[in-house]
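Okay, so here's the structure we're looking at.
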2 protein chains.
Amino acid sequence: MTKILIVEDEPNMVAGLRDNFEFEGYEVLSAYDGSEGLEKALANSPDLVLLDVMMPKMSGLDVCKQLKAKRPSIPIIMLTARGQEIDKVVGLELGADDYVTKPFSIRELVARVKAVLRRSHTLPKEHDRYSFSDVEVDLRTCRIARAGKQIEFSAMEFELLKYFICNAGEVLSRERLLEDVWGYDRYPTTRTVDAHLVRLRQKLEPSPEQPRFFLTVHGMGYRFVG
Amino acid sequence: MTKILIVEDEPNMVAGLRDNFEFEGYEVLSAYDGSEGLEKALANSPDLVLLDVMMPKMSGLDVCKQLKAKRPSIPIIMLTARGQEIDKVVGLELGADDYVTKPFSIRELVARVKAVLRRSHTLPKEHDRYSFSDVEVDLRTCRIARAGKQIEFSAMEFELLKYFICNAGEVLSRERLLEDVWGYDRYPTTRTVDAHLVRLRQKLEPSPEQPRFFLTVHGMGYRFVG
DNA sequence: GTATCTTTTTACAAATTTTTTACCATCATT
DNA sequence: AATGATGGTAAAAAATTTGTAAAAAGATAC
């Protein structure tokens, strides 16, 4: 199901949007300020973000800039109040894909969301680059850089990392990882997964002994939040 | 216990498979030709069917087609001899969930069985979010938030909560909970359930000592009303 | 074949969860 | 109200799961 993240500080607005988009068949996530919004966008990889400009903690523009830096492929539609014309322009410069001026008709917004999604889906998938923390991953050329410097990854490590990135936010059991990353014809014990996690953490975590991105979910498996 | 039906005309093969799957903890049924297989599948509702293609009386393909028509949700893995490539394709078209080519490694077959079972269990992706009170539960990413803030749940706690949600409104006896959430092979004393309820309440009830959602039904069990 | 690099296994400590225990409160019934 | 059964809960005990280094096994390149 297509996931939409709404970042907006006014609860009534969120509720209204949620109703409408859920009615349209979307899965709706919401966040009530900028920093929460950025966090949820990175953690849940929504298909599109609706982003209010005026918000507490972190302005929509900052969220837009930071999100586009880390996830260039997630489309963003900015919600601006009338009279924030300048912001609109700036927003587009920052990488927003479209903007809508409040008060807007919900039908117009839905139409724009659909349009942006259609464009983003037919676009030459930019799904080949990904970044989190100070790490940049190029899924296509299989290169990984940390703080701008190349890091060597073995084939297995890279496959595993790729799988985590493609399934960010989800809890991945060791069984599932073995099956989907290692494949049917190889049968390492499950501790193999743990051993690899150690190396992923050593290479990519700011402090490997206290993971922030490659999290353990006790009794269930691992979860990557980037 | 998970039930597997093996439909295969060669007794040695059946015996070998039976040994292995019983060792893995499955209950094994068997049938030695197609029509017997179909009959047993319909009568016993196994969790999965291993189906040989080449068999007397009724080919595996026919069994597959008829079984999928009557019980679409029972997963089927086809066993085909090398050189029956066409059959594989047809089998998948007829609704088989996977296929394995003879001779196959038993470990691979076991892995595929597990994979198909896991997929078939995690299928209902639609209603994967639930909320009550100020609590939001995401069944897919295994996350629980209260008033917008993440709460840590152990694997067991999460499974139990999931079961309550899926059976909201019903009175669930301790025995039933032990059986369905803990599984047939584990029988902790019944107070274990109570201990877990305490934690569920502490984490999710507005005032845990006066539960509003996780209710006790004296002498019967617990009822979740969300 | 040897050297080198990668992957898997092993082993044990550490962290975390689950189960049990024990005691007291509450409830239903007489 | 007395009695016995049932439920709440903290804390101890038991069991499970995970982190990690190091050894073993397997691949790959030379």
Side-chain angles (χ1 to χ4, degrees), chain A residues 142 144 151-164 171-205 207-224, chain B residues 107 111 142 144 151-164 171-183 185-224:
Chain A
C142 301
I144 298 166
I151 305 184
E152 292 305 317
F153 262 63
S154 77
M156 197 82 248
E157 287 166 0
F158 191 81
E159 284 305 310
L160 185 58
L161 174 62
K162 195 155 101 182
Y163 195 77
F164 271 116
V171 177
L172 306 173
S173 71
R174 289 169 179 71
E175 287 71 26
R176 174 165 166 194
L177 290 169
L178 280 173
E179 202 169 282
D180 289 357
V181 179
W182 273 258
Y184 290 113
D185 22 348
R186 303 175 71 185
Y187 299 93
T189 65
T190 43
R191 301 315 306 275
T192 301
V193 176
D194 302 52
H196 276 268
L197 256 290
V198 169
R199 260 174 296 151
L200 239 47
R201 283 171 174 166
Q202 283 174 348
K203 291 189 176 181
L204 300 177
E205 287 279 1
S207 51
E209 66 286 349
Q210 218 169 303
R212 289 194 44 225
F213 301 100
F214 298 89
L215 307 181
T216 300
V217 184
H218 196 103
M220 303 184 127
Y222 294 98
R223 182 212 307 272
F224 169 71
Chain B
R107 300 185 70 187
C142 302
I144 298 165
I151 305 184
E152 292 304 318
F153 262 63
S154 77
M156 198 82 246
E157 287 164 2
F158 191 82
E159 286 305 310
L160 184 58
L161 173 63
K162 197 154 97 180
Y163 194 79
F164 271 115
V171 178
L172 306 172
S173 70
R174 289 171 180 70
E175 286 68 28
R176 174 165 166 195
L177 289 170
L178 281 173
E179 204 166 280
D180 288 357
V181 180
W182 273 257
D185 37 339
R186 293 175 76 184
Y187 270 94
T189 64
T190 39
R191 303 313 306 277
T192 300
V193 176
D194 302 50
H196 276 269
L197 256 292
V198 169
R199 260 177 294 155
L200 241 47
R201 283 171 174 166
Q202 283 175 347
K203 291 189 176 182
L204 300 177
E205 288 278 1
S207 51
E209 65 287 349
Q210 217 170 305
R212 290 193 42 224
F213 300 100
F214 298 90
L215 308 180
T216 300
V217 184
H218 196 98
M220 310 199 90
Y222 295 97
R223 181 215 308 271
F224 169 71

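All values derive from a computational prediction rather than experimental measurement. Below, chains carry the letters A, B, ... as their sequence lines are ordered, and counting in each starts from 1.
- Rounded to an integer number of Å, the gap from CG of B:D194 to C1' of D:dA5 is 13 Å.
- A close approach under 4.0 Å does not occur between any side-chain nitrogen or oxygen of B:W182 and OP1 or OP2 of C:dT18.
- Atom CZ in B:R223 sits about 17 Å away from atom C1' in D:dG7, given to the nearest Å.
- A:H196 pairs in a side-chain contact (heavy atoms from CB on, under 4.5 Å) with only one of the listed residues (A:M156, A:E159, A:R191), which is A:M156.
- Classification of B:R212 and B:E205 as a salt-bridged pair fails, no side-chain N sitting under 4.0 Å from a carboxylate O.
- In the interface, the side chain of B:R199 is not paired with the base of D:dG8 through any donor and acceptor atom under 3.5 Å apart.
- We find that CG of A:L197 is positioned 7 Å from P of D:dG19, with the value rounded to whole Å.
- The interatomic distance linking B:R174 (CZ) with C:dT20 (P) rounds to 14 Å, in whole Å.
- Between A:E209 and A:R201 there is no salt bridge, since none of the side-chain N atoms of the basic residue sits less than 4.0 Å from a carboxylate O of the acidic one.
- In this model, a side-chain donor or acceptor of B:R191 finds a partner on the base of D:dG8 within 3.5 Å.
- With hydrogens and angles left out, the side-chain atoms of A:R176 and A:Y222 include no donor and acceptor closer than 3.5 Å.
- Computed from coordinates, the A:L177 CG to C:dT7 P distance equals 15 Å when rounded to whole Å.
- One can place OH of B:Y222 at 6 Å from P of D:dG7, the figure rounded to the nearest angstrom.
- In the set C:dT17, C:dT9, D:dG8, C:dT9 carries the atom at the smallest distance from any side-chain atom of A:A195.
- Look at CD on A:E152: it is 8 Å from P on C:dT6, rounded to the nearest Å.
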